[in-house]
Number of protein chains: 2
Amino acid sequence: MRQSVINPLAMNPKTAAKQDFIPLMRELVRAYQAFAAYDASGYRDVDLTVPQADVVFTLGNTDGLTFKEIGEKTLITKGTLTGVIDRLEDKGLVSRVPCPEDRRCMRVTLTDEGRGLFEKEFPRQIQYLKARFDRLAKSEQREALESLKKLRAVF
Amino acid sequence: MRQSVINPLAMNPKTAAKQDFIPLMRELVRAYQAFAAYDASGYRDVDLTVPQADVVFTLGNTDGLTFKEIGEKTLITKGTLTGVIDRLEDKGLVSRVPCPEDRRCMRVTLTDEGRGLFEKEFPRQIQYLKARFDRLAKSEQREALESLKKLRAVF
DNA sequence: TATTGTTATACTCTATAACTATA
DNA sequence: TATAGTTATAGAGTATAACAATA
C-alpha cells in the first residue's frame with residue numbers, strides 16, 4: 001500500500017518534533033491506511049488487482065462507460081487503462097462495445113460474469129466495511145465527517 | 001496515486017445510496033487523497049520516486065538504519081528494498097556500510113549528497129504542508145485529531 | 001485541428017521463492 | 001535452524017509520446 005511522499009509513520013521523532021501539525025498529519029495517514037488495509041483484507045480471495053477492482057466497481061450499475069469516463073472517475077490515464085481493460089477482458093469480466101454515435105469511442109460494459117462478480121462482491125465488501133464504521137456512534141460519525149470536510153477543504 | 005479497493009470517489013451514486021456510512025468513508029478517502037496530491041505536488045522537482053523519497057526521509061537525522069529497520073518503517077519488503085536502495089546508491093544519495101557487530105547486516109546511511117538533499121527538501125516539504133494545516137484553527141485541528149484517532153481505532 | 005483510444009518504450013514497484021553467508 | 005540481505009522471475013502499473021481513426 002503506497003503512501004504520500006511525506007510518510008509520518010516512518011519519520012524520525014527528532015525530525016518531527018516542534019511541528020505541531022504533525023500529529024494530525026500522522027493520524028490522517030494512519031486512519032486512512034488502517035481503513036485501506038482493512039478494505040484490502042476483505043478482498044483477498046478475489047483475483048483482481050486494485051485498479052481492476054476499481055474499474056469493475058465503477059462499472060457496476062451502469063450501462064457501460066467510455067474509456068474517457070472511466071479514466072476520469074478512477075484517475076487511471078488512458079494508456080494504462082487500455083492495459084487494465086485488456087486484462088479484465090482476458091478474465092471475461094468486461095467487454096468493449098463500439099459507440100454507435102461516435103466511432104472513435106469505446107464503451108466498456110460488464111459481462112454477465114462481471115456483473116455476477118460485482119453483485120456478489122460489492123455488497124459483501126460494503127457490509128464488511130460497514131461493520132467497522134458502525135462501531136462509531138452516530139454523533140462520532142457526524143463529527144468525523146465534519147472534521148474531514150474541513151481538512152479536505154484546506155488542500 | 002493508488003487507493004483502497006473500494007473507491008468511493010468512482011462509486012455509482014445509485015450503488016452507494018442507503019448506506020449511511022458512505023459519506024464518511026468518502027470524506028476519509030477524499031481528505032487523504034487531497035492531502036497526498038498536495039504533498040506530491042510539492043515534490044515535483046526532486047528526482048525521486050515515492051518509495052525512494054520515503055527511504056531518504058526515513059534515514060534523515062539517523063546514523064543509518066539496517067534493511068530490516070527501513071523495511072519495518074516504510075513497509076517495503078526486503079526483496080523490493082534491495083532494488084530501491086540500489087537505485088538510491090546509483091544516484092549517490094545513500095551508501096551501504098557493513099555492520100561490524102553482525103556480519104549479515106547492512107547499515108544504510110545518507111551520503112553527504114543525500115544528507116544535503118534531506119536537509120534542503122525535508123524542511124521545505126514540511127513548511128509546504130504546514131502552510132495548509134495552519135489554515136485550520138487550533139480547535140479544529142484538535143477535533144480532527146480526536147476524530148481520526150477514533151476512526152483508526154475501529155480498524 | 002482536436003479527440004478517442006491504441007501501441008510502444010522504459011522504468012519502478014510488487015510478491016514470491018530460492019539462495020548465500022552468517023549467527 | 002534461523003536471520004539478513006541478495007538474486008531471480010514474472011506480472012502489473014506508471015508516465016510519456018507517437019500514432020490511427022474519426023470528428
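Per chain, numbering begins at 1; letters A, B, ... match sequence-line order.
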| task | Determine, for B:R107 against B:D102, whether the closest basic-nitrogen to carboxylate-oxygen distance falls under 4.0 angstrom. | result | no
So which protein nitrogen or oxygen atoms get under 3.5 Å of nucleotides 2-7 of chain C's nitrogens or oxygens?
unit_1, atom_1, unit_2, atom_2, d
C:dT3, O4', A:R104, NH1, 3.4
C:dT3, O2, A:R104, NH1, 3.0
C:dG5, OP1, A:F67, N, 3.3
C:dG5, OP1, A:M106, N, 3.1
C:dG5, OP1, A:M106, O, 3.1
C:dG5, OP2, A:K68, N, 2.8
C:dG5, N7, A:K78, NZ, 3.4
C:dG5, O6, A:K78, NZ, 3.2
C:dT6, OP1, A:R96, NE, 2.9
C:dT6, OP1, A:R96, NH2, 3.3
C:dT6, OP2, A:T82, OG1, 3.0

| said: For A:E121, give me all partners under salt bridge (Lys or Arg N to Asp or Glu O under 4.0 Å), at least two apart in sequence or on another chain. | reply: A:R124
| task | Check the distance between C:dT12's P and B:I76's CD1 and give it to me in whole angstrom. | result | 14 Å
| query | Rounded to the nearest Å, what distance is computed from the CG atom of residue A:D54 to the P atom of nucleotide D:dA12? | reply | 17 Å
| Note: B:D20-A:K138 ion pair, threshold 4.0 Å (strictly below) | yes
| said: Quick check on the 6.0 Å ring-centre criterion: do B:Y32 and A:F35 meet it? | reply: no
| query | Would you call B:I85 and B:V94 a side-chain contact if the rule is heavy atoms closer than 4.5 Å? | reply | yes
| field | Atom-pair distance (CG on A:L75; C1' on D:dA15), nearest Å | value | 15 Å
| query | Hey, does the side chain of B:T77 come within less than 4.0 Å of C:dT16's phosphate (OP1/OP2), counting only N and O? | reply | no
| request: Mind calculating the distance between CG (A:D47) and P (C:dA15) to the nearest angstrom? | output: 15 Å
| said: Tell me the interatomic distance from B:Q52, atom CD, to D:dT14, atom C1', rounded to whole angstroms. | reply: 14 Å
| query | Run the side chain to side chain donor-acceptor pair (under 3.5 Å) check on A:D39 and A:Q125 step by step: do they pass? | reply | CA-CA 8 Å; A:D39 182 38; A:Q125 186 71 7; 2.5 Å; yes
| Phosphate contact (D:dG11 OP1 or OP2) by A:R87 side-chain N/O below 4.0 Å | no
